[in-house]
Protein chains: 2
Amino acid sequence: MNTGVVYIVDDDEAIRDALGWLFQSRGVNAECFVSAEDFLAAWTIGSSGCLVLDIRMEGMTGLELFDRLCEMGAKLPVIFLTGHGDVPMAVSALKKGARDFVEKPFNDNDLVDKVIEALAWEAERMASDADAASLAQRLGNLTLRERQVMEKVLAGKLNKVIADDLGITMRTVEVHRAHLFEKMGVKTAVELAQLLSQRR
Amino acid sequence: MNTGVVYIVDDDEAIRDALGWLFQSRGVNAECFVSAEDFLAAWTIGSSGCLVLDIRMEGMTGLELFDRLCEMGAKLPVIFLTGHGDVPMAVSALKKGARDFVEKPFNDNDLVDKVIEALAWEAERMASDADAASLAQRLGNLTLRERQVMEKVLAGKLNKVIADDLGITMRTVEVHRAHLFEKMGVKTAVELAQLLSQRR
DNA sequence: TTTCCGCTTGTGGATCACCACAATGGCCGA
DNA sequence: TCGGCCATTGTGGTGATCCACAAGCGGAAA
């Protein structure tokens with residue numbers, strides 16, 4: 001069950017059709033675009049999927065589209081297709097985070113395998129992104145004081161010390177502490193530490 | 001101050017000499033090797049540095065050496081040099097974890113910059129590897145009981161509950177807890193959680 | 001102006017964590 | 001066999017945490 005979509009961007013209709021067919025036959029939903037501009041217009045950041053991108057196209061090239069997506073903060077996996085690639089181009093693309101760089105003619109099955117793998121990876125990334133976003137959201141709901149208290153809790157300080165540092169009473173620290181635990185959805189300081197340490 | 005070393009492996013004496021000179025002039029210690037075999041013989045796993053590796057060599061090729069190093073668990077950064085590289089070769093090398101893939105003729109300064117960057121990266125990696133090793137070592141020094149108690153502490157359980165789970169007294173749990181905190185070098189459960197969460 | 005929210009503090013009690021002092025029994029290597 | 005390490009438990013006390021019940025103050029929004 002692949003819920004992921006592969007976006008095919010190539011100005012050669014024959015290749016678009018062939019690839020579209022190929023992916024559909026393997027159960028991967030495909031969407032084709034004639035140009036980089038078309039894809040940019042249709043694509044909204046945050047949407048999932050894998051991009052199969054021809055490099056040499058009229059108008060915006062695949063590499064330019066990739067750069068543009070990177071600037072936009074897109075993180076979807078990109079597999080380049082090219083008939084006229086050179087080594088520096090491939091190296092540069094991969095070092096910028098492209099997932100693969102395939103020369104034409106390519107092996108159909110290998111390409112599909114790569115896309116399926118990329119889609120699985122993408123699904124994981126989306127999930128962990130969602131987690132991170134949820135975490136950030138909860139953090140955003142904290143009050144200034146609650147954040148301050150949280151930092152000191154994570155530093156392993158006792159309520160007494162935190163109270164001293166912030167110039168307030170222990171009782172007040174307890175209140176903030178309880179509030180932030182509730183907002184962050186944890187019951188103990190240990191859980192909180194794990195929540196904020198794991199990522200990164 | 002670069003304490004790192006760049007290992008140059010190339011069967012062309014002119015290039016070895018030129019690169020050796022080039023790196024020394026920029027303050028980077030260089031060691032040259034005539035062949036992949038020579039390097040393998042001299043190399044001991046765990047030693048730091050950056051590898052600049054020619055691909056086409058008599059005997060073992062650069063790519064073969066790289067594969068061998070990967071199998072051995074070596075993680076040092078590898079920068080390939082080649083005059084006859086093709087795209088699939090470059091893509092494959094980078095996907096296997098090579099740091100860069102440079103075609104001859106190359107720009108001297110760029111190469112040195114890349115090596116210096118790689119050495120800095122390598123230094124960080126070594127440091128975090130050392131941390132991980134130290135952590136693993138401390139974990140290894142824990143008793144079975146101590147590890148069991150640790151798990152439950154990390155699960156946020158109270159001593160009372162832990163005692164119940166393990167079928168022992170609260171007092172005993174307290175003892176194990178104190179011991180493992182000491183062995184792990186932490187003073188609070190929060191520190192412990194951070195220690196064991198940060199590194200994946 | 002009234003209301004809501006955040007920040008603040010107090011009291012007191014039930015738990016819990018931490019530690020020093022003390023002790024028993026088992027296993028293993030010197 | 002003796003010493004050391006490990007696991008186990010007890011007692012008693014100090015300090016911390018957690019929480020319910022209560023309440024005052026100030027700013028911002030309605």
Side-chain angles (χ1 to χ4, degrees), chain A residues 131-199, chain B residues 130-200:
Chain A
D131 285 353
S134 142
L135 179 59
Q137 215 237 309
R138 277 175 289 170
L139 279 175
N141 283 333
L142 294 183
T143 316
L144 170 63
R145 269 306 201 217
E146 286 162 356
R147 257 192 301 278
Q148 292 172 336
V149 170
M150 189 183 70
E151 282 179 24
K152 303 201 178 278
V153 168
L154 291 177
K157 297 189 179 185
L158 298 179
N159 285 353
K160 169 196 296 191
V161 181
I162 299 176
D164 240 46
D165 285 359
L166 297 179
I168 55 182
T169 319
M170 242 180 63
R171 187 66 190 81
T172 310
V173 174
E174 287 175 23
V175 173
H176 289 316
R177 186 175 179 132
H179 281 169
L180 80 90
F181 275 27
E182 165 117 11
K183 288 186 182 176
M184 296 302 290
V186 299
K187 285 196 300 296
T188 68
V190 172
E191 287 181 54
L192 183 68
Q194 288 171 336
L195 199 62
L196 296 183
S197 289
Q198 211 133 38
R199 322 278 167 197
Chain B
D131 285 353
S134 141
L135 178 59
Q137 215 238 309
R138 277 174 290 170
L139 280 174
N141 282 332
L142 294 184
T143 317
L144 170 62
R145 269 304 201 222
E146 285 163 357
R147 257 192 301 279
Q148 292 172 337
V149 170
M150 189 181 70
E151 280 179 25
K152 306 205 175 274
V153 167
L154 290 177
K157 298 188 178 183
L158 298 178
N159 285 353
K160 169 195 295 189
V161 182
I162 298 175
D164 242 45
D165 287 357
L166 297 180
I168 55 182
T169 320
M170 240 180 65
R171 187 64 190 84
T172 310
V173 174
E174 288 175 23
V175 173
H176 289 316
R177 186 175 178 131
H179 281 169
L180 79 90
F181 275 29
E182 165 117 11
K183 288 186 182 176
M184 297 300 291
V186 298
K187 283 193 302 293
T188 69
V190 172
E191 287 180 54
L192 184 66
Q194 288 171 335
L195 199 61
L196 295 183
S197 287
Q198 209 132 40
R199 326 268 166 199
R200 147 84 46 102

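Sequence lines set the chain letters: A, B, ... in the order given, protein chains first and strands last, and positions in each chain run from 1.
- For a distance-only test at 3.5 Å, the side chain of Arg145(A) fails to qualify as a donor-acceptor partner of the base of dT8(C).
- Taken from NZ in Lys152(B) to CZ in Arg177(B), the straight-line distance is 13.5 Å, to the nearest 0.5 Å.
- When the nearest nucleotides of DNA chain D are assigned to Val175(A) and Leu166(B) by heavy-atom distance, the more 5′-ward of the two goes with Leu166(B).
- The phosphate of dC5(D) has neither OP1 nor OP2 within less than 4.0 Å of any side-chain N or O from His179(B).
- Rounded to whole Å, atom P of dC19(D) lies 10 Å from atom CD of Glu182(A).
- The base of dT17(D) does not come close enough to the side chain of Arg177(A) for any donor and acceptor atom to sit less than 3.5 Å apart.
- Atom NZ in Lys157(A) sits roughly 14 Å away from atom P in dT17(D) (whole-Å rounding).
- Side-chain N/O atoms of Thr143(A) include none lying less than 4.0 angstrom from OP1 or OP2 on dC5(C).
- Taking the side chain as every heavy atom from C-beta outward, Met184(A) and Leu135(A) approach each other to under 4.5 Å.
- The separation between Arg171(B) atom CZ and dC16(C) atom P is 16 Å, rounded to whole Å.
- Note: NZ (Lys160(B)) to P (dC18(D)) measures 14 Å, nearest angstrom.
- If you measure from atom CD of Glu174(A) to atom C1' of dT11(C), you get 12 Å, rounded to the nearest angstrom.
- In this structure the side chain of Leu180(A) reaches within 4.5 angstrom of the side chain of Leu192(A), judged on heavy atoms.
- Looking at heavy atoms from C-beta onward, Arg171(B) lies in side-chain contact with Val175(B) at the 4.5 angstrom threshold.
- Among the heavy atoms of the strands lying under 4.0 Å from Thr172(A) is at least one base atom, whether or not backbone atoms are also near.
- Between the NZ atom of Lys187(B) and the C1' atom of dA16(D) there is a distance of 17 Å, given to the nearest Å.
- In this structure, Asn159(A) does not reach the dA16(D) phosphate: none of its side-chain N or O atoms is under 4.0 Å from OP1 or OP2.
- The shortest side-chain heavy-atom distance between Arg145(A) and Ile168(A) falls under the 4.5 Å cut-off.
- Atom C1' of nucleotide dC5(D) and atom CG of Leu144(B) are separated by 15 Å, given to the nearest angstrom.
- Proximity of His176(A) to the phosphate of dG6(C): no side-chain N or O atom is located under 4.0 Å from OP1 or OP2.
- To the nearest angstrom, C1' of dT8(C) lies 15 Å from CE of Met170(A).
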